[in-house]
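In what follows, a structure is listed as structure tokens, so that the remarks can point back to it.
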Amino acid sequence: MTEANHTSLADQLVSALSATENLPFRGQLGVHNLRRMPLGASQELWEFTLRHAEGESDLVLRRPPADAVAAGAVNPLGIPHETEMLLQSHLSDNGVSAPRVHTWLSSTDGKVQGFVMDRLTGTADPKTLLTDESFARCRASLIGELAREIAKVHTTELPDSLRVRTLDAASLLGLLRQAAELFRLRNPGFEWAFRWLSERVPPSESPRLVHGDFRLSNIMADEQGLTGIIDWELAHLGDPMEDLGWLCLRSWRFSRPDLPAAGLAHRGDLLGAYEEASGTRVVPEHVQFWEALGALKWAGICLIQYGSFFAAKGKTHGGIDKAAIGRRFDEAMGDFFAVVDDWKV
Amino acid sequence: MAIYEAPPSAEQIVDALEYFLQHDVSPELGARKQFRCRVALNLLGILRRELTQRDAVTRQQRARLQDILGTDEHELSRLNKELANQIRFGKVELDDERIAQHVRLAQREHLSISNPKWLDEQADPSLDLGSSKRKD
């Protein structure tokens with residue numbers, strides 16, 4: 001990104017913010033320190049300081065990468081960018097710790113092409129959260145805070161105007177089957193896992209709002225504790241236990257594979273705090289089911305990532321990343337069997 | 001097969017590539033490309049283990065699959081396809097001892113090539129922080 005592009009993005013931000021009514025920022029607005037953040041796998045994140053009559057505010061622009069927009073790329077599990085913005089807005093208006101949305105940028109055809117929100121304090125870096133000395137106090141209480149916050153998400157009602165799709169265990173299994181067919185996977189371990197899950201789908205209850213990618217990389221926390229949940233792109237209606245199971249996946253425990261609940265605590269700590277916050281009873285086997293399905297879903301993502309790359313492009317730039325993620329299929333399958341054989345509260 | 005007896009062996013070529021990336025290429029790179037260079041080195045590690053272990057893994061899996069399926073089919077991919085289909089279409093029980101054991105053993109054999117550290121961590125949680133998904 002060149003200097004000139006930076007300037008024009010800053011101008012776009014100033015004009016969008018100036019044209020928005022009822023913002024908490026008054027007076028002459030100025031965008032400073034605009035910088036691309038080294039985060040965000042599927043979306044770009046730009047942080048900047050907004051100067052206004054009362055002082056300065058730290059804000060973030062979240063937008064789909066220009067090349068993805070041009071290519072019409074969509075994440076098959078994701079919600080449209082505009083829906084994500086409306087959902088996040090609705091959540092922060094209803095007491096969930098999600099960054100407050102202020103305004104959006106539109107393309108010439110009027111589509112939402114990025115939205116501007118508060119920059120939460122703290123970090124989304126799991127390594128810092130799990131190992132940094134100054135986060136010791138935060139770590140001690142974080143799993144409880146995560147349980148309470150995700151329980152709030154699961155009880156949030158959506159207005160009729162806000163449509164997100166329903167994605168339950170059966171439909172996720174259906175998507176995994178499609179991926180396996182598409183890439184002609186003939187893997188006895190995968191089939192064993194698929195059947196184990198198919199035989200244990202929990203009875204469906206009325207679907208609730210689910211974050212869909214609830215793990216340390218998608219929360220912000222500072223030394224005092226949780227500051228919010230970010231990245232709502234994969235939100236859907238489904239089984240709340242999906243979020244609890246996904247949070248426990250081995251792949252997101254980083255330096256602490258011995259602590260299943262996000263590398264922070266034992267599963268029992270998470271489930272106990274969740275039961276207390278939500279007033280519901282958690283069936284441990286259902287959490288185990290979702291953790292196992294999470295592992296197989298992660299295996300499917302690895303398969304799709306390298307499979308679609310090599311099918312479409314073969315030997316081109318970026319192949320080493322795809323080859324590496326393809327081999328992580330084996331880790332995900334290892335996670336699956338560990339969940340089946342060694343799972344305990 | 002004299003050609004394979006002449007140096008350098010496939011493993012020696014992997015050694016040479018590894019040394020080159022680590023000592024000649026990596027120091028010249030910026031942080032972002034250095035990360036990708038580490039990815040490349042990891043892939044070379046997989047290649048090295050594939051070279052040294054693949055034959056043994058193939059032999060073991062073939063023998064187990066032939067036993068489970070009661071066939072003398074030799075081609076591993078056909079054997080895998082057959083067992084995959086039998087599991088998928090309910091022709092065998094999930095808790096069939098030999099099958100349940102085979103899928104787990106095969107999994108560990110694949111991991112011993114793709115990421116042996118994962119197997120170590122099962123018993124001994126190490127402090128490796130680089131192994132999980134990196135947002136880039």
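Since we're looking at a predicted model, the values are computed, not measured. Numbered from 1 within each chain, the chains take letters A, B, ... in sequence-line order.
For the pair B:Arg104 and A:Trp192, the cation-pi test (distance below 6.0 Å, angle within 45°) is passed.
Only the side chain of A:Asp341 comes within contact range of chain B, judged by heavy atoms closer than 4.5 Å. Proximity to chain A (any heavy atom under 4.5 Å) is shown, for B:Ala40, by both the backbone and the side chain. For B:Leu94, the parts lying under 4.5 angstrom from a heavy atom of chain A are both the backbone and the side chain.
Of all the heavy atoms in B:Val39 and A:Ile320, the pair that sits closest is CG1-O, 3.8 Å.
Counted by atom type alone, B:Trp118 and A:Asp330 present zero donor-acceptor pairs between their side chains at under 3.5 Å.
Counting heavy-atom neighbours within 6.0 Å of B:Tyr19 OH, excluding the residue itself, gives a total of 12 or less. The local environment of CD in A:Glu181 is crowded, with over 12 non-hydrogen atoms from other residues, nucleotides or ligands closer than 6.0 Å.
Ranked by non-hydrogen atom pairs under 4.5 Å with chain B, the options A:Arg327, A:Arg195, A:Glu191 are led by A:Arg195.
The distance from atom CG of B:Leu111 to atom CZ of A:Phe329, rounded to the nearest 0.5 Å, is 10.5 Å. Taking CZ of B:Arg36 as the reference point, atom CG of A:Asp321 lies at 4.0 Å (rounded to 0.5 Å).
Interface with chain A: from residues 71-86 of chain B, residues B:Asn80, B:Lys81, B:Leu83, B:Ala84, B:Gln86 qualify, criterion being any non-hydrogen pair under 4.5 Å.
No donor-acceptor distance shorter than 3.5 angstrom exists from the side chain of B:Gln107 to the backbone of A:Phe337, with no hydrogens or angles considered.
Using a 4.0 Å cut-off between a side-chain N of Lys or Arg and a carboxylate O of Asp or Glu, B:Arg108 and A:Glu331 do not qualify as a salt bridge.
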